[in-house]
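One structure is given below, encoded as structure tokens.
The shown structure was predicted, so the numbers you read here are calculated from the model rather than taken from an experiment.
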Amino acid sequence: MTAKEYLKRAYLLDKQINVEIQELDSLKSMRGQVQGVFYGERIGTNPNRDIEAPFVKTLEKIWTREQRINEKIDKLVDLKAEIDAAIDQIENVEERLLLKYRYLKNESWEDIAMDLNVSYRTVHRIHASALRNFVVPE
């Protein structure tokens with residue numbers, strides 16, 4: 001695995017979590033639209049009839065999705081800590097800062113240039129140097 005592939009893992013996981021959260025929001029909005037069913041007095045006459053309210057299945061899906069998102073968030077926190085520790089091994093302060101801004105904070109190249117008070121072109125030069133100096137943990 002290259003240095004860039006290793007560092008991008010947190011970014012990609014963060015994007016996956018955001019997609020999951022959007023899907024969760026969609027499920028939650030559907031929750032409010034689910035209608036109850038009126039069984040009248042005939043409830044219990046058919047033992048094979050499902051008497052559970054229809055929205056319960058939606059609530060179960062929401063709970064399952066929330067659990068999956070929480071697991072991914074835990075994984076992201078651990079992954080960012082691992083990446084942060086690996087970045088800390090780089091000697092050059094600018095290279096370290098740049099990698100943290102880019103791969104842990106997901107900042108744009110323009111924002112990084114402003115943060116480091118360097119030109120856009122210099123940011124890319126520092127980035128290339130940082131990737132060469134970065135050692136991917138085993």
Side-chain angles (χ1 to χ4, degrees):
M1 177 181 310
T2 67
K4 197 171 193 176
E5 290 170 340
Y6 176 82
L7 292 166
K8 282 182 76 170
R9 291 184 319 154
Y11 170 79
L12 295 173
L13 183 55
D14 188 45
K15 291 297 179 190
Q16 288 175 10
I17 291 169
N18 288 333
V19 168
E20 294 264 350
I21 289 171
Q22 289 172 354
E23 291 173 8
L24 177 64
D25 290 341
S26 176
L27 275 175
K28 285 181 176 180
S29 71
M30 288 174 30
R31 171 188 61 196
Q33 299 170 359
V34 176
Q35 296 289 322
V37 176
F38 177 70
Y39 292 109
E41 292 183 25
R42 297 173 55 159
I43 191 164
T45 57
N46 182 352
N48 296 326
R49 186 175 193 169
D50 185 11
I51 59 172
E52 188 174 76
F55 67 87
V56 171
K57 290 181 182 173
T58 304
L59 293 176
E60 288 173 353
K61 288 179 183 178
I62 289 170
W63 185 82
T64 301
R65 180 66 51 102
E66 287 174 340
Q67 296 306 311
R68 192 165 57 213
I69 290 170
N70 287 335
E71 288 170 7
K72 286 185 179 182
I73 289 172
D74 289 344
K75 184 177 177 182
L76 179 62
V77 169
D78 293 342
L79 182 58
K80 281 189 171 189
E82 176 186 317
I83 290 170
D84 189 40
I87 290 172
D88 282 340
Q89 301 305 310
I90 294 178
E91 290 181 26
N92 185 295
V93 176
E94 279 187 327
E95 291 177 0
R96 243 189 349 255
L97 283 171
L98 183 139
L99 292 180
K100 288 184 182 203
Y101 286 141
R102 183 66 178 175
Y103 296 104
L104 296 178
K105 294 181 68 180
N106 299 325
E107 286 193 12
S108 68
W109 295 118
E110 292 83 7
D111 289 342
I112 295 170
M114 287 177 42
D115 290 340
L116 295 179
N117 198 27
V118 296
S119 71
Y120 183 83
R121 187 172 171 99
T122 301
V123 165
H124 287 286
R125 183 185 54 76
I126 295 169
H127 182 249
S129 175
L131 291 179
R132 282 192 303 274
N133 293 331
F134 184 80
V135 177
V136 177
E138 294 183 27

Which residues share a side-chain contact (heavy atoms from CB on, under 4.5 Å) with Glu110, sequence neighbours left out: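 Glu110: side-chain contact (heavy atoms from CB on, under 4.5 Å) contacts with Ser108, Tyr120.
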side-chain contact (heavy atoms from CB on, under 4.5 Å) partners for Asp25, two or more places apart: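 For Asp25 the side-chain contact (heavy atoms from CB on, under 4.5 Å) partners, ignoring immediate neighbours, are Ile21.
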Interatomic spacing from [atom1] in [X] to [atom2] in [Y] - rounded to 0.5 Å:
| X | Y | atom1 | atom2 | answer |
| --- | --- | --- | --- | --- |
| Thr122 | Ile112 | OG1 | CD1 | 13.0 Å |
| Ile87 | Leu99 | CD1 | CG | 5.0 Å |
| Ile17 | Leu24 | CD1 | CG | 12.5 Å |
| Ile69 | Leu76 | CD1 | CG | 12.5 Å |

Which side chain to side chain donor-acceptor pair (under 3.5 Å) pairs, counting each pair once, include a residue from residues 85-95, with sequence neighbours left out?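 For residues 85-95: Asp88-Lys100, Glu95-Ser129, Glu95-Asn133.
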For Lys72, what residues pass the salt bridge (Lys or Arg N to Asp or Glu O under 4.0 Å) criterion, not counting sequence neighbours?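 Residues passing salt bridge (Lys or Arg N to Asp or Glu O under 4.0 Å) with Lys72: Glu20.
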Which residue pairs pass the ring pair (Phe, Tyr, Trp, His ring centres under 6.0 Å) test when at least one of the two sits in [range], sequence neighbours left out?
| range | answer |
| --- | --- |
| residues 59-87 | none |
| residues 80-103 | Tyr103-His127 |
| residues 64-87 | none |

Quick check: closest heavy atoms across Val136 and Ala3, and the distance to 0.1 Å? CG2-CA, 3.6 Å
According to side-chain hydrogen bond (donor to acceptor under 3.5 Å, both in side chains), who are the partners of [X], at least two apart in sequence or on a separate chain?
| X | value |
| --- | --- |
| Thr64 | none |
| Lys105 | Glu107 |
| Tyr11 | none |

Test: salt bridge (charged side-chain N to carboxylate O under 4.0 Å, His left out). Region: residues 2-11. Which pairs qualify, not counting sequence neighbours? Arg9-Glu82
Do any pairs count as a salt bridge (charged side-chain N to carboxylate O under 4.0 Å, His left out) and have a residue in residues 117-138, sequence neighbours left out, and if so which ones?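 Salt bridge (charged side-chain N to carboxylate O under 4.0 Å, His left out) check on residues 117-138 returns no pairs.
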